[in-house]
Amino acid sequence: MEKTVIIALDMKGKEETFLFLDRFREEKPYVKIGMQLFYSEGPDIVREIKKRGHRVFLDLKLHDIPNTVEKATEALAELDIDMCSIHAAGGREMMGSAMRGFSSGPFGVPKVIAVTQLTSTGIRMLKEDLLINASMEDTVIHYAIAAKNAGLSGVVCSVWEAERIHRECGTDFLTVSPGIRFCDTETDDQKRVSSPIDGGKAGTDHIVVGRAVTKAEDPVKAYKRCIEEFEKGQRMKIRKGDE
Ligand code: C5P
């Protein structure tokens with residue numbers, strides 16, 4: 001399974017986004033377009049970024065009644081996206097409706113992945129705000145199994161959950177992990193953070209990196225550092241597996 005670093009383009013608009021992408025001369029990073037950029041620029045931002053040769057993960061985290069989600073994914077199926085996110089908390093029927101909507105487009109079904117628990121959710125929030133008494137890990141695994149049964153390609157999860165998800169759902173079930181920080185930087189609002197090396201060691205398939213790259217003094221250098229550390233972690237995992 002290909003393992004990639006995905007850059008989260010959490011930017012205000014097109015101008016800022018293209019200025020950022022123009023800094024990448026040799027490489028065409030896989031990018032994530034989230035709500036901020038999509039809502040401010042509309043679907044054309046996806047078309048333009050695709051035209052520049054990037055793969056696109058459209059992270060809209062859809063969550064509504066099944067019929068509405070099906071209609072929404074029918075509309076999104078007109079865009080040539082590579083990956084899209086929906087909330088597992090919407091339930092199995094909603095996830096099935098999303099898959100039906102996506103299969104109606106001309107580009108083939110993208111990888112659809114489910115958000116389990118946001119990486120900004122800590123254990124206290126799980127218990128006090130959401131009234132969920134199961135552990136974080138059990139909740140995430142429960143959602144991952146439901147997503148797999150609904151025909152999805154994988155889940156968004158923290159690095160710390162990736163290994164168990166692969167054990168329970170198979171190694172071809174994608175794990176996409178945000179909440180990535182270099183060991184020597186701030187964690188911002190993320191509660192369950194990990195480094196690119198941790199991601200590689202845990203065998204997660206893709207790491208999603210936002211501020212650690214976009215706010216870096218030299219984003220291209222930070223991106224390359226991310227790839228190097230992620231690959232280093234993967235090699236450490238392989239060596240450990242060989243012992
Ligand atoms: O800047 P930072 O690296 O924290 O950005 C993480 C990105 O990953 C954001 O775009 C955020 O919306 C997204 N994300 C997340 N946790 C999830 C799913 C997506 O942080 N569970």
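In each ligand, atom 1 is the first atom listed, and ligand 1 is the first ligand listed.
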* Is L152 close to I113 at the side-chain level, that is, under 4.5 Å between some pair of heavy atoms? ->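 Side-chain contact under 4.5 Å: no.
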What are the atoms of ligand 1, with element, lying closer than 4.0 Å to any heavy atom of [X]?
X	result
R211	1 (O), 2 (P), 3 (O), 4 (O)
L118	17 (C), 21 (N)
K61	12 (O), 14 (N), 18 (C), 19 (C)

* Asked: Looking only at heavy atoms of M35, does any of them come nearer than 4.0 Å to an atom of ligand 1?
  ->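 No; M35 lies far enough from ligand 1 that no heavy-atom distance drops under 4.0 Å.
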* **Close approach of K215 to ligand 1, heavy atoms, under 4.0 angstrom** =>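 Contact absent.
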Hydrophobic clusters here meaning ILVMFWY residues chained together by side-chain heavy-atom distances under 4.5 Å, can you tell me if [X] and [Y] are in one?
X	Y	answer
V109	L76	yes
F20	M35	yes
Y143	L131	no

* State whether the shortest distance between N or O atoms of V156 and N or O atoms of ligand 1 falls below 3.5 angstrom. =>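 V156 vs ligand 1: no N/O contact under 3.5 Å.
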* Selection residues 76-123 - residue pairs positive for ring-ring contact (aromatic ring centres under 6.0 Å, His included), sequence neighbours left out ->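 Passing the test, one end in residues 76-123: H63-H87.
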* To do: Among residues two or more places apart or on two chains, list those pairs meeting salt bridge (charged side-chain N to carboxylate O under 4.0 Å, His left out) that have a residue in residues 196-210.
  =>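 Pairs touching residues 196-210 that pass the test: K3-D205.
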* Asked: If you measure from atom 14 (N) of ligand 1 to every heavy atom of A8, P178, S158, A212, which option wins on shortest distance?
  ->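 Comparing heavy atoms across A8, P178, S158, A212, the nearest one to atom 14 (N) of ligand 1 lies in P178.
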* Taking non-hydrogen atoms only, is T214 closer than 4.0 angstrom to ligand 1 via side chain, backbone, both or neither? ->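 For T214, there is no contact with ligand 1 at all, from either part.
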